[in-house]
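See below for the structure under consideration.
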Amino acid sequence: MRQDVIVGGPFDLDATLESGQAFRWERHTRGWVGVASGHPFLLSWKQGVLSVDSPSCENPGGWARRYFDLETDYQALCERLRCLDAAVSTAVDFAPGLRLLRQEPWEALLAFILSTNNNIPRIRRLVNRVSLRWGERLSAAEHCWWALPSPSVLATATEQQLRECGVGYRAPFLIDAARKVSSGDVDLVRLESLTTAEARIVLQRIKGVGRKVADCVLLFGLARRDAFPIDVWIKRRLEEHYFDGQGTRIKALHEFAASQFTDDAGYAQNYLFYHTRTASMAIRKKPRGWQPR
DNA sequence: TGCCAGGCCTTCC
DNA sequence: GGAAGGCATGGC
(Lines give C-alpha, C1' and ligand atoms only; values in the text may rest on other atoms or scores of the structure.)
Protein backbone atom coordinates (compact mmCIF):
# COMPACT_ATOMS: atom_id res chain seq x y z
CA MET A 1 0.00 0.00 0.00
CA ARG A 2 1.12 3.50 -0.77
CA GLN A 3 0.10 6.66 1.04
CA ASP A 4 1.17 10.28 0.66
CA VAL A 5 1.77 12.36 3.74
CA ILE A 6 1.76 16.14 3.59
CA VAL A 7 4.53 17.41 5.83
CA GLY A 8 4.38 20.81 7.46
CA GLY A 9 7.56 22.53 8.60
CA PRO A 10 11.13 21.68 7.69
CA PHE A 11 11.74 18.09 6.59
CA ASP A 12 14.99 16.64 5.23
CA LEU A 13 14.63 12.95 4.39
CA ASP A 14 18.23 12.52 3.25
CA ALA A 15 19.77 14.10 6.33
CA THR A 16 17.47 12.19 8.64
CA LEU A 17 18.17 8.77 7.17
CA GLU A 18 21.93 9.23 6.86
CA SER A 19 22.36 10.86 10.25
CA GLY A 20 23.30 7.74 12.19
CA GLN A 21 20.04 7.33 14.08
CA ALA A 22 18.86 4.30 12.10
CA PHE A 23 21.00 1.85 10.18
CA ARG A 24 18.68 -0.02 7.85
CA TRP A 25 18.07 2.56 5.11
CA GLU A 26 19.71 2.68 1.70
CA ARG A 27 19.52 5.20 -1.10
CA HIS A 28 17.40 4.11 -4.04
CA THR A 29 16.85 5.57 -7.51
CA ARG A 30 13.42 6.74 -6.37
CA GLY A 31 14.31 7.70 -2.81
CA TRP A 32 15.15 5.43 0.11
CA VAL A 33 14.45 1.76 0.81
CA GLY A 34 14.71 0.01 4.13
CA VAL A 35 13.12 -1.97 6.91
CA ALA A 36 11.50 -0.52 10.00
CA SER A 37 8.95 -1.82 12.48
CA GLY A 38 9.03 -5.19 10.69
CA HIS A 39 8.00 -3.82 7.28
CA PRO A 40 9.94 -2.95 4.12
CA PHE A 41 9.39 0.60 2.88
CA LEU A 42 10.11 2.72 -0.17
CA LEU A 43 10.20 6.41 0.70
CA SER A 44 10.35 9.40 -1.60
CA TRP A 45 10.07 13.09 -0.94
CA LYS A 46 8.88 15.78 -3.32
CA GLN A 47 7.54 19.26 -2.80
CA GLY A 48 6.26 18.87 0.72
CA VAL A 49 4.85 15.38 0.24
CA LEU A 50 6.36 12.23 1.69
CA SER A 51 5.36 9.18 -0.31
CA VAL A 52 5.40 5.99 1.75
CA ASP A 53 5.08 2.64 0.01
CA SER A 54 5.08 -0.74 1.72
CA PRO A 55 3.87 -4.18 0.59
CA SER A 56 2.90 -5.24 4.11
CA CYS A 57 2.27 -2.18 6.30
CA GLU A 58 -1.48 -1.47 6.43
CA ASN A 59 -1.12 2.17 7.42
CA PRO A 60 2.17 3.45 6.02
CA GLY A 61 1.10 7.08 6.45
CA GLY A 62 0.41 6.57 10.13
CA TRP A 63 3.67 4.74 10.52
CA ALA A 64 5.56 7.64 8.87
CA ARG A 65 3.90 10.24 11.08
CA ARG A 66 5.12 8.44 14.15
CA TYR A 67 8.52 7.34 12.81
CA PHE A 68 9.49 10.77 11.49
CA ASP A 69 8.09 12.69 14.45
CA LEU A 70 5.69 14.56 12.16
CA GLU A 71 3.34 15.63 14.95
CA THR A 72 6.06 17.83 16.44
CA ASP A 73 6.10 21.46 15.34
CA TYR A 74 9.67 21.73 14.02
CA GLN A 75 9.20 25.36 13.02
CA ALA A 76 8.64 26.30 16.64
CA LEU A 77 11.28 23.84 17.84
CA CYS A 78 13.94 25.33 15.55
CA GLU A 79 13.09 28.83 16.71
CA ARG A 80 13.43 27.79 20.35
CA LEU A 81 16.77 26.11 19.70
CA ARG A 82 18.15 29.04 17.70
CA CYS A 83 17.61 31.27 20.72
CA LEU A 84 19.77 29.09 22.96
CA ASP A 85 23.28 29.79 21.67
CA ALA A 86 25.45 30.10 18.57
CA ALA A 87 26.56 26.45 18.38
CA VAL A 88 23.05 25.05 18.40
CA SER A 89 21.79 27.81 16.13
CA THR A 90 24.47 27.00 13.54
CA ALA A 91 23.67 23.29 13.77
CA VAL A 92 19.94 23.92 13.31
CA ASP A 93 20.56 26.16 10.29
CA PHE A 94 22.82 23.47 8.78
CA ALA A 95 19.91 20.98 8.52
CA PRO A 96 16.67 22.33 10.01
CA GLY A 97 14.70 19.46 8.49
CA LEU A 98 16.65 16.82 10.40
CA ARG A 99 14.04 14.76 12.20
CA LEU A 100 14.39 12.82 15.41
CA LEU A 101 13.29 9.29 14.57
CA ARG A 102 11.11 7.13 16.73
CA GLN A 103 12.27 3.57 16.22
CA GLU A 104 11.25 0.37 17.93
CA PRO A 105 13.10 0.13 21.28
CA TRP A 106 14.52 -3.31 20.45
CA GLU A 107 15.90 -2.06 17.13
CA ALA A 108 17.57 0.88 18.83
CA LEU A 109 18.97 -1.37 21.56
CA LEU A 110 20.44 -3.90 19.15
CA ALA A 111 21.90 -1.27 16.82
CA PHE A 112 23.46 0.88 19.51
CA ILE A 113 25.03 -2.10 21.28
CA LEU A 114 26.76 -2.65 17.93
CA SER A 115 27.69 1.03 17.74
CA THR A 116 30.24 0.99 20.55
CA ASN A 117 33.72 1.91 19.38
CA ASN A 118 32.49 1.50 15.82
CA ASN A 119 31.72 3.63 12.76
CA ILE A 120 28.38 4.22 11.07
CA PRO A 121 29.00 2.36 7.75
CA ARG A 122 30.18 -0.67 9.66
CA ILE A 123 27.28 -0.56 12.14
CA ARG A 124 24.96 -0.61 9.14
CA ARG A 125 26.65 -3.70 7.72
CA LEU A 126 26.60 -5.53 11.03
CA VAL A 127 22.88 -4.87 11.65
CA ASN A 128 22.16 -6.15 8.15
CA ARG A 129 24.30 -9.26 8.60
CA VAL A 130 22.60 -10.14 11.89
CA SER A 131 19.20 -9.59 10.25
CA LEU A 132 20.18 -11.70 7.25
CA ARG A 133 21.20 -14.60 9.46
CA TRP A 134 18.46 -14.58 12.11
CA GLY A 135 15.73 -12.29 10.83
CA GLU A 136 12.55 -13.20 9.01
CA ARG A 137 12.54 -12.77 5.26
CA LEU A 138 10.16 -10.09 4.08
CA SER A 139 8.50 -10.05 0.70
CA ALA A 140 9.13 -7.05 -1.49
CA ALA A 141 8.87 -6.62 -5.23
CA GLU A 142 12.32 -5.27 -6.07
CA HIS A 143 14.38 -6.14 -3.04
CA CYS A 144 14.89 -9.03 -0.67
CA TRP A 145 14.67 -7.75 2.89
CA TRP A 146 15.10 -9.33 6.26
CA ALA A 147 13.45 -8.08 9.41
CA LEU A 148 15.48 -7.54 12.51
CA PRO A 149 15.56 -10.80 14.50
CA SER A 150 13.25 -10.87 17.49
CA PRO A 151 14.88 -11.01 20.94
CA SER A 152 13.75 -14.63 21.42
CA VAL A 153 15.30 -15.75 18.13
CA LEU A 154 18.53 -13.85 18.70
CA ALA A 155 18.72 -15.38 22.18
CA THR A 156 19.32 -18.75 20.47
CA ALA A 157 22.43 -17.50 18.66
CA THR A 158 25.81 -18.56 19.95
CA GLU A 159 28.69 -16.23 20.60
CA GLN A 160 30.69 -17.98 17.89
CA GLN A 161 27.92 -17.50 15.30
CA LEU A 162 27.68 -13.81 16.12
CA ARG A 163 31.43 -13.40 15.91
CA GLU A 164 31.28 -14.98 12.45
CA CYS A 165 29.05 -12.03 11.49
CA GLY A 166 31.88 -9.70 12.45
CA VAL A 167 30.42 -8.16 15.58
CA GLY A 168 33.59 -8.96 17.52
CA TYR A 169 33.61 -8.49 21.28
CA ARG A 170 30.02 -7.23 21.15
CA ALA A 171 28.74 -10.80 20.61
CA PRO A 172 28.12 -11.60 24.31
CA PHE A 173 26.51 -8.19 24.75
CA LEU A 174 23.95 -8.94 22.03
CA ILE A 175 23.20 -12.34 23.55
CA ASP A 176 22.74 -10.84 27.00
CA ALA A 177 20.40 -8.19 25.61
CA ALA A 178 18.36 -10.76 23.67
CA ARG A 179 18.06 -13.04 26.70
CA LYS A 180 17.12 -10.30 29.14
CA VAL A 181 14.54 -8.80 26.79
CA SER A 182 12.98 -12.10 25.68
CA SER A 183 12.74 -13.37 29.26
CA GLY A 184 11.09 -10.17 30.43
CA ASP A 185 13.96 -9.43 32.79
CA VAL A 186 14.24 -6.16 30.89
CA ASP A 187 10.70 -5.29 29.80
CA LEU A 188 10.97 -2.77 26.97
CA VAL A 189 7.22 -2.10 27.04
CA ARG A 190 7.25 -1.36 30.75
CA LEU A 191 10.06 1.15 30.26
CA GLU A 192 7.43 3.45 28.76
CA SER A 193 5.87 3.91 32.18
CA LEU A 194 9.14 4.70 33.96
CA THR A 195 10.90 8.03 34.26
CA THR A 196 13.87 8.58 31.96
CA ALA A 197 16.28 8.09 34.85
CA GLU A 198 14.57 4.88 35.99
CA ALA A 199 14.46 3.46 32.46
CA ARG A 200 18.16 4.28 32.02
CA ILE A 201 19.06 2.25 35.11
CA VAL A 202 17.11 -0.76 33.81
CA LEU A 203 18.76 -0.57 30.37
CA GLN A 204 22.22 -0.36 31.92
CA ARG A 205 21.69 -3.76 33.52
CA ILE A 206 22.35 -5.21 30.06
CA LYS A 207 25.99 -6.02 29.41
CA GLY A 208 27.52 -3.64 26.90
CA VAL A 209 24.97 -0.93 27.68
CA GLY A 210 26.51 2.04 29.43
CA ARG A 211 25.26 5.59 29.79
CA LYS A 212 25.70 6.50 26.13
CA VAL A 213 24.02 3.45 24.60
CA ALA A 214 21.19 3.69 27.13
CA ASP A 215 20.65 7.33 26.20
CA CYS A 216 20.50 6.43 22.50
CA VAL A 217 17.84 3.81 23.21
CA LEU A 218 15.92 6.32 25.31
CA LEU A 219 16.14 9.04 22.69
CA PHE A 220 15.69 7.11 19.44
CA GLY A 221 13.64 4.15 20.68
CA LEU A 222 11.55 5.51 23.53
CA ALA A 223 11.09 9.11 22.43
CA ARG A 224 12.64 10.51 25.60
CA ARG A 225 13.54 13.94 24.28
CA ASP A 226 15.36 14.84 27.49
CA ALA A 227 17.97 12.13 26.86
CA PHE A 228 21.31 13.48 25.66
CA PRO A 229 23.76 10.82 24.38
CA ILE A 230 27.36 11.99 24.62
CA ASP A 231 29.68 10.28 22.16
CA VAL A 232 33.12 11.36 20.94
CA TRP A 233 31.65 13.90 18.49
CA ILE A 234 29.31 15.55 20.97
CA LYS A 235 31.99 15.57 23.66
CA ARG A 236 34.40 17.27 21.29
CA ARG A 237 31.80 19.85 20.23
CA LEU A 238 30.70 20.68 23.76
CA GLU A 239 34.27 21.00 24.95
CA GLU A 240 35.37 23.26 22.14
CA HIS A 241 32.36 25.52 22.31
CA TYR A 242 31.24 25.58 25.94
CA PHE A 243 34.26 24.46 27.93
CA ASP A 244 37.90 25.29 28.03
CA GLY A 245 39.35 22.51 25.88
CA GLN A 246 39.57 18.78 26.37
CA GLY A 247 39.38 16.66 29.49
CA THR A 248 35.95 17.71 30.76
CA ARG A 249 34.25 14.97 32.71
CA ILE A 250 31.23 13.34 31.07
CA LYS A 251 29.21 13.98 34.21
CA ALA A 252 29.86 17.72 33.91
CA LEU A 253 28.83 17.63 30.24
CA HIS A 254 25.56 15.89 31.11
CA GLU A 255 24.81 18.44 33.83
CA PHE A 256 25.51 21.25 31.43
CA ALA A 257 23.29 19.77 28.70
CA ALA A 258 20.41 19.25 31.12
CA SER A 259 20.53 22.85 32.31
CA GLN A 260 21.19 24.39 28.90
CA PHE A 261 18.82 22.42 26.71
CA THR A 262 16.28 21.08 29.29
CA ASP A 263 13.38 19.25 27.59
CA ASP A 264 14.78 19.86 24.09
CA ALA A 265 18.13 18.23 24.92
CA GLY A 266 17.59 15.29 22.58
CA TYR A 267 16.72 17.53 19.65
CA ALA A 268 19.72 19.77 20.35
CA GLN A 269 21.95 16.71 20.50
CA ASN A 270 20.66 15.42 17.18
CA TYR A 271 21.37 18.71 15.42
CA LEU A 272 24.76 19.12 17.07
CA PHE A 273 25.83 15.56 16.23
CA TYR A 274 24.77 15.77 12.59
CA HIS A 275 26.39 19.14 12.03
CA THR A 276 29.64 18.32 13.82
CA ARG A 277 30.12 14.95 12.17
CA THR A 278 29.04 16.00 8.66
CA ALA A 279 31.20 19.10 8.69
CA SER A 280 34.18 17.12 9.93
CA MET A 281 33.74 14.41 7.29
CA ALA A 282 33.46 17.05 4.57
CA ILE A 283 36.81 18.52 5.61
CA ARG A 284 38.36 15.06 5.63
CA LYS A 285 37.16 14.39 2.10
CA LYS A 286 38.77 17.54 0.65
CA PRO A 287 41.36 16.63 -2.00
CA ARG A 288 45.05 16.83 -1.22
CA GLY A 289 46.42 20.29 -1.53
CA TRP A 290 43.06 21.88 -0.79
CA GLN A 291 43.42 25.11 1.14
CA PRO A 292 40.68 27.21 2.70
CA ARG A 293 40.30 30.67 1.15
C1' DT B 1 50.72 1.51 8.69
C1' DG B 2 48.54 3.61 12.23
C1' DC B 3 44.53 6.03 13.71
C1' DC B 4 39.84 6.20 14.50
C1' DA B 5 35.03 4.90 15.11
C1' DG B 6 27.68 7.30 18.01
C1' DG B 7 32.01 2.85 24.38
C1' DC B 8 32.10 -0.52 27.73
C1' DC B 9 34.23 -3.61 31.05
C1' DT B 10 37.71 -4.90 34.25
C1' DT B 11 41.38 -3.86 37.09
C1' DC B 12 43.87 -1.07 39.98
C1' DC B 13 44.61 2.74 42.95
C1' DG C 1 35.32 7.45 42.65
C1' DG C 2 38.24 7.84 38.79
C1' DA C 3 42.11 6.56 35.49
C1' DA C 4 44.20 3.18 32.42
C1' DG C 5 44.22 -0.52 29.32
C1' DG C 6 42.08 -3.96 26.44
C1' DC C 7 38.81 -5.15 23.16
C1' DA C 8 37.26 -6.98 17.18
C1' DT C 9 37.03 -5.06 12.98
C1' DG C 10 37.56 -2.39 8.84
C1' DG C 11 37.60 2.32 6.50
C1' DC C 12 40.55 5.97 5.58
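Chain letters run A, B, ... following the sequence lines, proteins first, then strands; residues in each count from 1.
Taking atom CG on A/Leu109 and atom P on B/dG7, their separation rounds to 16 Å, with Å as the unit. For the pair A/Leu114 CG and C/dC7 C1', the interatomic distance rounds to 15 Å; values are reported in whole Å. Remark: C1' of C/dG10 and OH of A/Tyr169 are 13 Å apart, rounded to the nearest angstrom. Between the P atom of B/dG7 and the CG atom of A/Asp176 lies a distance of 20 Å, rounded to the nearest Å. A straight line from CZ of A/Arg211 to P of C/dG1 spans 15 Å, rounded to a whole angstrom. Here C/dG11 presents its C1' atom at 10 Å from CZ of A/Arg122, a figure rounded to the nearest Å. Distance CD1 (A/Ile123) to P (C/dA8): 17 Å, rounded to an integer number of Å. Note: CD1 (A/Ile120) to C1' (C/dG10) measures 15 Å, nearest angstrom.
More than 12 heavy atoms of other shown residues, nucleotides or ligands fall within 6.0 angstrom of atom CZ in A/Arg27.
Both the sub-6.0 Å distance and the 45° axial angle are satisfied by A/Arg99 relative to the ring of A/Tyr74. Because its NZ or CZ atom is not both nearer than 6.0 Å to the ring centre of A/Phe68 and within 45° of the ring axis, A/Arg102 does not count as a cation-pi partner of that residue.
In this structure, A/Val167 reaches neither bases nor backbone, as no heavy-atom distance under 4.0 Å exists between it and the strands shown. As judged by a 4.0 angstrom heavy-atom cut-off over every strand, A/Gly208 is placed among residues touching the sugar-phosphate backbone only.
A donor and an acceptor atom, one from each side chain of A/Thr276 and A/Arg236, are nowhere located under 3.5 Å apart.
For A/Arg236 and B/dA5, the shortest distance from a side-chain N or O to OP1 or OP2 is below 4.0 Å. A sub-4.0 Å separation between OP1 or OP2 of B/dC8 and a side-chain N or O of A/Arg170 is absent. Listed pair A/Arg249 / C/dA3 meets the phosphate criterion, a side-chain N or O lying under 4.0 Å from OP1 or OP2.
Nearest-nucleotide mapping onto DNA chain C: of A/Arg125 and A/Asn117, the residue sitting toward the 5' end is A/Asn117. Along DNA chain B, the nucleotide closest to A/Ile230 and the one closest to A/Lys207 are compared, and the more 5′ of them pairs with A/Ile230. Closest-nucleotide positions on DNA chain B for A/Ile206 and A/Phe220 were compared, and the one nearer the 5' end corresponds to A/Phe220.
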Practice task
Could you give me the CA-CA distance, side-chain angles and deciding distance for A/Ser56 and A/His39, then say whether side-chain hydrogen bond (donor to acceptor under 3.5 Å, both in side chains) is met?
Solution key: CA-CA 6 Å; A/Ser56 56; A/His39 301 287; 2.8 Å; yes

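Listed candidates were B/dA5, B/dC9, C/dA8. Nearest to the side chain of A/Trp233 is B/dA5. For A/Arg163, the side-chain atoms get nearest to C/dA8 when compared with the rest of B/dG7, B/dA5, C/dA8.
Pair check for C/dC12 finds B/dG2; Watson-Crick or G-U wobble, both atom distances under 3.5 Å.
C/dA8 sits 15 Å from B/dT11 when the P atoms are compared, rounded to a whole Å.
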